[in-house]
A.B. asks: 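Pasting a structure here, questions to come.
Values reported hereafter were calculated over all heavy atoms of this structure, with side chains retained and with hydrogens, waters and symmetry mates removed.
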Amino acid sequence: MNRRLVRLRWWALGAAVAPGLVACSTLGPAAIRGGRAAYNQAITSTDNQQLLGLIVKTRYAENVQLLAVSSVTANMSISARVGADFGVGPDANFAGNLVPLTSGVVVEENPTISYVPIEGEQYFRELLSPVPLDLALLLINASDEPGDAFSALVANINEIPNHAFVDPSSAPDPRFAEVVDLLRRLDAANALSWRVAGATPEAHTYAIVLNWPARLDAEVRDLLSLLGTPPTAERRAVLPLGFGDGSQGGDVVWIGTRSIGELVKIASAAMDVAPEHRSRGLVTEPIRELGHTGRLITVRGSKTRPRDAYVDFQQHGWWYSIAHDDTASKRYFKLLSTLISIRITETLGSANGTPVLTIPTAN
């Protein structure tokens, strides 16, 4: 064999393999930088759509099945190719028509996504049971607007009701709004904190801790009066918290919480339903008007897909959405999303033999 031809073939092979070696050393980190963000964004976006779909379909009295993404496995393969064209005979027969040496690298990504259907008795218990007090307090603490989180999660405090729905002939109990306003003002002044864990198992593990300057005497006095708690001569007070409706009495501030199902029902009642769907009886109508919590979220409706949507969902030709600039609605939606995520995780952790839907995808 012609030595020159052999050298050319080895050169071509090296030209093909070299890009593959470079690709192996650079595509891995690049895939993490680009792929992780892309997968995370896709999962978050579809989770938001699924939650809005749950809210919408609740109003339409339609069944909805939730799917949780249990795993995403992305396999990447890199292959190299090399080609050579050599003419035979006089140069005039192929001059200008051949590419002597060609090489290239082919990169393929083939993700496999596994979904777990959320169902069963444990899921419905998590959906319909009141949110545990410790979880509610953690979410209130973590919120950038604790007053709104408190209004959404708390159904009553020391027998002061925060009705999700009120009779048109009566107004919501104004005392709850006063409590929320005072808590918000004291929190903003760093005079209030929520204790999540007590010193001993026998002690109340949850409490409102007040530590205030003289200028806030009036606010603290009003709050203690509304809660039925005796005033204190000191400018520090610890109000033990208990989980209940307030009828238990004692020197405890009793708090009752809502369930995820109630929060979904409130959000579904706050939808701007298509007039045609209402006239055709496609949607359920709330028997009573929304209470204070219902003003924390607005689900807009429109004939065409909105351009300013944080999340949107189409139902029977009508678009429902939450606007990007509606921060109050986004906070409520985020709170509900966080709760569902936590409760679904607990459900999956206790589920055995749950069917898994695995979908391989390819480019």
A.B. asks: Within the side chain of N162, is there an N or O that forms a donor-acceptor pair under 3.5 Å with the backbone of N156?
C.D. replies: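 Side chain of N162 to backbone of N156: no pair is present.
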A.B. asks: Quick one, T229 and L223 - any side-chain contact, counting heavy atoms below 4.5 Å?
C.D. replies: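 Answer no - side chains too far apart.
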A.B. asks: To the nearest 0.5 Å, tell me how far D222 CG sits from E178 CD.
C.D. replies: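 Rounded to the nearest 0.5 Å, the CG-CD separation comes to 8.0 Å.
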A.B. asks: Using distance only, find each side-chain donor-acceptor pair of residues 133-143 under 3.5 Å and give its atom names and separation, not counting sequence neighbours.
C.D. replies:
{"residue": "S143", "atom": "OG", "partner": "E145", "partner atom": "N", "Å": "3.0"}
{"residue": "S143", "atom": "OG", "partner": "E145", "partner atom": "O", "Å": "3.1"}

A.B. asks: Between H316 and Y60, is the ring centre distance below 6.0 Å?
C.D. replies: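 Centroid separation for H316 and Y60: below 6.0 Å.
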A.B. asks: Among N48, L54, D47, exactly one meets side chain to side chain contact (heavy atoms under 4.5 Å, CB included) together with Q50. Which residue is that?
C.D. replies: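 When N48, L54, D47 are each tested with Q50, the side chain to side chain contact (heavy atoms under 4.5 Å, CB included) holds only for D47.
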A.B. asks: Could you walk me through whether R331 and L296 pass the side-chain contact (heavy atoms from CB on, under 4.5 Å) test, one step at a time?
C.D. replies: CA-CA 8 Å; R331 278 196 297 265; L296 299 176; over 6 Å; no
A.B. asks: Report whether V253 and V209 are members of the same hydrophobic cluster (ILVMFWY, side-chain heavy atoms less than 4.5 Å apart, transitive linking).
C.D. replies: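 The answer is no; the residues belong to distinct hydrophobic clusters.
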A.B. asks: Calculate, to the nearest 0.5 Å, the distance between atoms NZ and OG belonging to K265 and S259 respectively.
C.D. replies: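 Between K265 NZ and S259 OG, I get 9.5 Å after rounding to 0.5 Å.
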A.B. asks: Report the distance from atom CG of L52 to atom OG of S268, rounding to the nearest 0.5 Å.
C.D. replies: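 Separation between the atoms: 11.0 Å.
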A.B. asks: Should we count NZ of K330 as having more than 12 external heavy atoms under 6.0 Å?
C.D. replies: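 Counting neighbours around NZ of K330, more than 12 heavy atoms of other residues, nucleotides or ligands fall under 6.0 Å, so yes.
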A.B. asks: For E234, is the CD atom crowded, meaning more than 12 foreign heavy atoms sit under 6.0 Å from it?
C.D. replies: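 Not buried by this count: 12 neighbours or fewer within 6.0 Å.
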